[in-house]
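Notes for the one structure printed next.
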Amino acid sequence: MRLQILLVCFALAMPTVFVGVVPAEALSCGSGYYRNSAGNCIPSPRRPRAGQAQGLLGTSNIPSGATARCRDGTYSFSQSRRGTCSGHGGVASWL
(Lines give C-alpha, C1' and ligand atoms only; values in the text may rest on other atoms or scores of the structure.)
Protein backbone atom coordinates (compact mmCIF):
# COMPACT_ATOMS: atom_id res chain seq x y z
CA MET A 1 0.00 0.00 0.00
CA ARG A 2 2.78 2.44 0.87
CA LEU A 3 4.49 1.67 -2.43
CA GLN A 4 1.27 2.44 -4.32
CA ILE A 5 0.87 5.75 -2.52
CA LEU A 6 4.49 6.59 -3.22
CA LEU A 7 4.09 5.74 -6.91
CA VAL A 8 0.93 7.86 -7.19
CA CYS A 9 2.67 10.81 -5.55
CA PHE A 10 5.65 10.40 -7.87
CA ALA A 11 3.40 10.19 -10.94
CA LEU A 12 1.53 13.35 -9.90
CA ALA A 13 4.78 15.22 -9.32
CA MET A 14 6.48 14.23 -12.58
CA PRO A 15 4.52 16.46 -15.00
CA THR A 16 5.36 19.55 -12.95
CA VAL A 17 9.04 18.70 -13.17
CA PHE A 18 9.21 18.63 -16.97
CA VAL A 19 6.29 20.71 -18.28
CA GLY A 20 7.23 24.30 -19.02
CA VAL A 21 10.92 23.94 -18.27
CA VAL A 22 12.86 26.42 -20.41
CA PRO A 23 16.64 26.79 -20.24
CA ALA A 24 17.65 29.96 -18.38
CA GLU A 25 19.77 31.15 -21.30
CA ALA A 26 16.65 31.14 -23.51
CA LEU A 27 14.89 33.54 -21.12
CA SER A 28 17.85 35.72 -20.19
CA CYS A 29 18.62 38.81 -22.19
CA GLY A 30 21.64 39.80 -20.17
CA SER A 31 22.25 42.47 -17.60
CA GLY A 32 20.30 45.68 -18.19
CA TYR A 33 17.86 44.10 -20.66
CA TYR A 34 14.51 42.31 -20.46
CA ARG A 35 12.38 40.22 -22.81
CA ASN A 36 9.23 42.08 -23.87
CA SER A 37 5.84 40.56 -24.72
CA ALA A 38 6.91 40.13 -28.37
CA GLY A 39 9.93 38.08 -27.24
CA ASN A 40 12.53 40.73 -28.05
CA CYS A 41 15.36 41.71 -25.71
CA ILE A 42 15.31 45.46 -25.12
CA PRO A 43 17.10 47.75 -22.64
CA SER A 44 15.52 48.09 -19.20
CA PRO A 45 14.32 51.60 -18.27
CA ARG A 46 17.24 53.65 -17.02
CA ARG A 47 18.16 57.10 -15.83
CA PRO A 48 20.38 59.28 -17.98
CA ARG A 49 24.03 59.36 -16.89
CA ALA A 50 25.28 62.34 -14.90
CA GLY A 51 25.35 65.38 -17.15
CA GLN A 52 23.30 63.65 -19.83
CA ALA A 53 19.86 64.97 -18.82
CA GLN A 54 20.58 68.56 -19.88
CA GLY A 55 23.18 69.62 -22.39
CA LEU A 56 24.38 73.10 -23.24
CA LEU A 57 21.68 75.74 -23.51
CA GLY A 58 19.09 73.31 -22.09
CA THR A 59 19.15 70.98 -25.06
CA SER A 60 18.03 67.46 -24.30
CA ASN A 61 20.36 64.48 -24.48
CA ILE A 62 17.82 61.66 -24.49
CA PRO A 63 19.37 58.17 -24.52
CA SER A 64 19.51 56.72 -28.02
CA GLY A 65 16.52 54.51 -28.77
CA ALA A 66 14.39 55.77 -25.87
CA THR A 67 10.65 55.85 -26.65
CA ALA A 68 9.25 57.42 -23.48
CA ARG A 69 10.24 59.32 -20.35
CA CYS A 70 8.79 57.80 -17.20
CA ARG A 71 7.45 59.87 -14.29
CA ASP A 72 10.34 58.75 -12.06
CA GLY A 73 12.84 60.27 -14.51
CA THR A 74 13.91 57.05 -16.22
CA TYR A 75 13.75 56.55 -19.98
CA SER A 76 11.96 53.55 -21.48
CA PHE A 77 12.92 51.69 -24.64
CA SER A 78 9.56 49.93 -24.93
CA GLN A 79 8.46 48.76 -28.37
CA SER A 80 4.74 49.02 -27.55
CA ARG A 81 2.73 51.44 -25.47
CA ARG A 82 1.10 48.80 -23.29
CA GLY A 83 2.91 48.49 -19.97
CA THR A 84 5.47 51.16 -20.77
CA CYS A 85 6.92 52.65 -17.56
CA SER A 86 4.95 50.26 -15.37
CA GLY A 87 6.76 50.22 -12.07
CA HIS A 88 8.20 53.66 -12.87
CA GLY A 89 5.12 55.79 -12.17
CA GLY A 90 3.68 55.67 -15.68
CA VAL A 91 4.57 57.63 -18.80
CA ALA A 92 5.39 61.32 -18.37
CA SER A 93 5.89 61.88 -22.09
CA TRP A 94 6.23 59.93 -25.32
CA LEU A 95 9.32 60.68 -27.37
Side-chain angles (χ1 to χ4, degrees):
M1 183 68 169
R2 287 184 185 175
L3 181 58
Q4 290 173 336
I5 292 173
L6 182 61
L7 289 174
V8 168
C9 290
F10 182 75
L12 291 174
M14 285 302 288
T16 61
V17 172
F18 296 107
V19 174
V21 174
V22 177
E25 59 271 13
L27 296 176
S28 175
C29 293
S31 180
Y33 289 80
Y34 72 96
R35 189 169 305 279
N36 67 7
S37 60
N40 300 320
C41 290
I42 61 172
S44 298
R46 65 174 186 248
R47 295 190 185 282
R49 285 177 272 218
Q52 187 178 12
Q54 290 292 322
L56 294 175
L57 304 174
T59 59
S60 174
N61 290 322
I62 298 167
S64 178
T67 57
R69 188 175 65 77
C70 303
R71 288 190 177 136
D72 68 355
T74 58
Y75 285 91
S76 173
F77 301 84
S78 180
Q79 295 176 341
S80 68
R81 289 186 174 227
R82 185 175 183 157
T84 299
C85 295
S86 61
H88 295 272
V91 174
S93 61
W94 294 101
L95 305 175

remark   = What one should report as the nearest heavy-atom pair of Ala66 and Ile62 is CB-CG2, 3.7 Å
query = Closest approach of Pro45 and Thr74, non-hydrogen atoms and distance?
reply = CB-OG1, 4.0 Å
remark   = Across all chains, not counting sequence neighbours, the side-chain contact (heavy atoms from CB on, under 4.5 Å) partners of Thr67 are Ser76, Ser78
ask   = Of all heavy-atom pairs between Val91 and Ala68, which one has the smallest distance, and what is that distance?
value = CG1-CB, 4.2 Å
message = As an exercise, state the distance from CZ of Arg46 to SG of Cys70, rounded to the nearest 0.5 Å.
response = 12.0 Å
message = Once rounded to the nearest 0.5 Å, what's the spacing between atom CD1 of Ile42 and atom OH of Tyr34?
response = 3.0 Å
task = Measure the spacing between CH2 of Trp94 and CZ of Arg69 and express it to the nearest 0.5 Å.
result = 12.5 Å
request  = For the residue pair Phe77 and Pro63, establish whether any side-chain heavy-atom pair is separated by less than 4.5 Å.
outcome  = yes
Least distance between heavy atoms, Arg35 atom then Cys41 atom = NH2-SG, 3.6 Å
